[in-house]
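A, B, ... follow the sequence lines: proteins, then strands. Residue 1 opens every chain. What you see below is based on every heavy atom in this structure, not just the backbone, and it leaves out hydrogens, waters and symmetry mates.
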Protein chains: 2
Amino acid sequence: MAVQTAETPANSTDGTVDLGPATALSCRECGHQVPLGPVFACEECFGPLEIAYDFSAYDTEELRKRIEAGPANIWRYAPLLPVPADVATKPNINPGWTKLVQADNLARELGVTGGLYVKDDSGNPTHSFKDRVVAQAIEAARAFGFTTLSCSSTGNLAGAVGAAAARAGFRSCVFIPHDLEQGKVVMAAVYGGELVGIEGNYDDVNRFCSELIGDPAGEGWGFVNVNLRPYYAEGSKTLAYEICEQLGWRLPDQLVVPIASGSQLTKIDKGLKELIGLGLVEDKPYKIFGAQAEGCSPVSTAFKAGHDVVRPQKPNTIAKSLAIGNPADGPYVLDIARRTGGAVEDVTDEQVVDAIKLLARTEGIFAETAGGVTVGVTKKLIENGVLDPSLTTVVLNTGDGLKTLDAVAGTGLTATIRPNLDSFREAGLA
Amino acid sequence: MAVQTAETPANSTDGTVDLGPATALSCRECGHQVPLGPVFACEECFGPLEIAYDFSAYDTEELRKRIEAGPANIWRYAPLLPVPADVATKPNINPGWTKLVQADNLARELGVTGGLYVKDDSGNPTHSFKDRVVAQAIEAARAFGFTTLSCSSTGNLAGAVGAAAARAGFRSCVFIPHDLEQGKVVMAAVYGGELVGIEGNYDDVNRFCSELIGDPAGEGWGFVNVNLRPYYAEGSKTLAYEICEQLGWRLPDQLVVPIASGSQLTKIDKGLKELIGLGLVEDKPYKIFGAQAEGCSPVSTAFKAGHDVVRPQKPNTIAKSLAIGNPADGPYVLDIARRTGGAVEDVTDEQVVDAIKLLARTEGIFAETAGGVTVGVTKKLIENGVLDPSLTTVVLNTGDGLKTLDAVAGTGLTATIRPNLDSFREAGLA
């Protein structure tokens, strides 16, 4: 498999690249392996390619010590990621090691007695979990000698790519629908890369990007979620690693994870299995629950109907960062939810807003709509008796409320008073 | 000094409170000492009270190890703060240990050769440095038995108080001008505390709060930046601690710090002096530079004129989080800038916007307008030959660009194209 760029891979002398423990790309469907390169689909069966590793040389306790002595970001897990060993010395946005908040107030409201935690990825550099995956894509782009970083996006990803490219010294060129809200355009444009509006909807943007990858004009371009997707996707494993390490190298019993393409959920499962395999955590069962908004619930619909295939939907929800109507990893999510004894559930937009407010009121965490989806689904699953409140449960918040202010625009002043004590007392505030 | 609340202090059995190494309140002007309590002005001379400590029992290397083994937040410095030793086990928002970004790209643009770092406090829970000071105020409020947390605010502080109160289990009641922009109201209201609009401007809000503190209606209320101010202000010391520890227990040669009330700058100086006194860093000179916006530059005006007093100004700048026209700690800032060989400088709003874009384009950090002020002032000081580019320099970014999107609202699409390669080539993007 030739590297699709005119330049020699930066880290290579003999045509191979140094991506640490990563050894090959392996097809998730048929197992066919190809050398590491900027490809994403199996040449045999068109199945998705993912990273194969060689972890066989690791001693469990040495590895644990090495991780614990590492930096306070995702690169502490460099031995388990497709990155060179010296990754932490390269310019990157260094996301991760976000707070695992012990959510005792929320636990009381929801009746959880076994320990409830919120993994709060709003603490990342551009305030969403996308920084994790983009940071991985940056290192793959570096290894393959790419000089431009690109993606199609409607929000969080555009900012993450713009910021990471700026820090790491790449040119960036991000494609968005031309009629995106001005606030989102500003958040993506401020990093100074090319930001190109496409006359069309998100599907048109995606189609255009696929065309560009196959054209000489796209030579030297790394599309983080297309030709760098196998590397990019691995960034989500770090959520699993961090959760377990922050729990004191313990597996949680239950995790509630949002579903957009489904990639994040599958990689969290992969990360947990790796930790078990490496002996870093005890081998015991865990359940993974997937969370969607009712207005874009192809996976929960399939789960409830007992289907193995996911029928695409036309999204209509305020949870725009999860609004993927035809999720590529939907079938794998169904497998994982069923295999682990979890479930996939959805909540209405009204429940999403209520859950955002509930999390803010109880824990002081202002979540993006995606966080409202996971908290809302957690509440619903407890009420329905599906999620066991006596077990240790981790809920993901993958983004920041400041990016979806419109969702809670109805929130406002409790009272308006004149600047004197009489007016204060009249308002019943004393 | 009696504690001004009806309740017995939570941590107290004999009328004293446990605030760790804090021993008393000491007047910055006349040195008069009073017991720890919710007071802020000297009863002898009306000077500002600040915390006095007893650090005499600490062994340098033991203290260093204790800090390094502490949590990845400000509580690693509990031995140097007015908080009980077990503070990390109490519910709090746990800010701090934000990234010290080695800003090599920005350094190249500015011609800095001695090492340039950005201390990026947008990584705090509500994305501003205010989380540091509010977290301190929370612990003081707990010690004094307060049950309601309050403040006057026009932005960042309201959100920080709302979030921290929610997590820590306090009622909150925050006062803001009634005509604040809707976005800012939402960011403060989402945490579910009382948010009261006052018919008047920020000065009216402040006057009302002072009235409320003296009234029985305000009993049991901790105003973070009024009657809890001595504790609150100490939170800024943690910026100094973190910068030095993150530099490998080294003092930077030069620091560029924004000036609103001036409190943050004075406490950073206090923190650096403490580290020297404790032997945690080498005793060597450092220079502190203050940064203001031209539209609110009472301290830089006084500095340039060689005055010891600061003449109040009516603020008119986009850097609203720094827009304090009559800064309480202005004279102390002048002292520190002169004593350390630093300076106080200001930049225009246009320069603030340019600096926000410069930082985003070079380092992928999207700063609030206050960060544009410090980066802009750094650039100006280098150009004027005041700041030495051959020395190690740390620039503070104290807030997040998502909160002041209006400042860069002019930023937008590079190009708009149709979804095909011809249109892409016509736009000159290939």
Pairs of heavy atoms under 4.5 Å with chain A: top-ranked of [options]:
| options | value |
| --- | --- |
| B/V186, B/I356, B/V190, B/D400 | B/V190 |
| B/S122, B/G162, B/G192, B/A189 | B/A189 |
| B/L429, B/D215, B/T148, B/D204 | B/D215 |
| B/H178, B/E211, B/K403, B/Q102 | B/E211 |

Tell me the closest heavy-atom pair linking A/A166 and B/G364, and the distance in Å.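 Taking A/A166 first and B/G364 second, the nearest heavy atoms are CB-N, 3.8 Å.
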Considering all heavy atoms of both residues, which atom of B/E363 and which atom of A/R167 are nearest to each other, and what is their separation?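 B/E363 and A/R167 have their closest heavy atoms at O-NE, 2.7 Å.
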What part of [X] gets closer than 4.5 Å to chain A, counting heavy atoms only: side chain, backbone, both or neither?
| X | answer |
| --- | --- |
| B/N94 | both |
| B/V101 | side chain |
| B/L106 | neither |
| B/I176 | side chain |
| B/R207 | neither |
| B/R171 | side chain |
| B/Q182 | side chain |

From CG (A/L195) to OG1 (B/T416), nearest 0.5 Å: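 Spacing of CG (A/L195) from OG1 (B/T416) equals 9.0 Å.
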Got a second to check how far A/Y191's OH is from B/T362's OG1, nearest 0.5 Å?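 One finds 11.5 Å between OH of A/Y191 and OG1 of B/T362.
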[options]: which one forms the most heavy-atom pairs within less than 4.5 Å of chain B?
| options | answer |
| --- | --- |
| A/D120, A/L413, A/N73 | A/L413 |
| A/A164, A/C173, A/A415, A/A217 | A/A415 |
| A/I93, A/N105, A/L359, A/T98 | A/N105 |
| A/P419, A/G412, A/A409 | A/P419 |
| A/A103, A/P216, A/G197 | A/G197 |
| A/V185, A/L402, A/L421 | A/L421 |

Decide yes or no for A/F208 and B/I417: does some side-chain heavy atom of the first lie under 4.5 Å from some side-chain heavy atom of the second?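 Yes, their side chains come closer than 4.5 Å.
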Taking the side chain as every heavy atom from C-beta outward, state whether A/P125 and B/K99 have any pair of such atoms under 4.5 Å apart.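 Sidechains of B/K99 and A/P125: in contact.
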For the pair B/F175 and A/F424, name the ring-plane relationship: parallel under 30°, tilted 30 to 60°, perpendicular over 60°.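 Geometry flag for A/F424 against B/F175: tilted rings.
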So what's closer than 4.5 Å to chain B heavy atoms on A/I365: side chain, backbone, both or neither?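 Contact with chain B involves both backbone and side-chain atoms of A/I365.
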Among B/T411, B/V408, B/L405, which residue meets the side chain to side chain contact (heavy atoms under 4.5 Å, CB included) test with A/M187?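 The residue from B/T411, B/V408, B/L405 that satisfies side chain to side chain contact (heavy atoms under 4.5 Å, CB included) with A/M187 turns out to be B/L405.
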Strictly distance-based, threshold 3.5 Å: is any side-chain N or O of B/T414 a donor or acceptor partner for the main-chain N or O of A/V196?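 Judged by distance alone, no pair lies under 3.5 Å.
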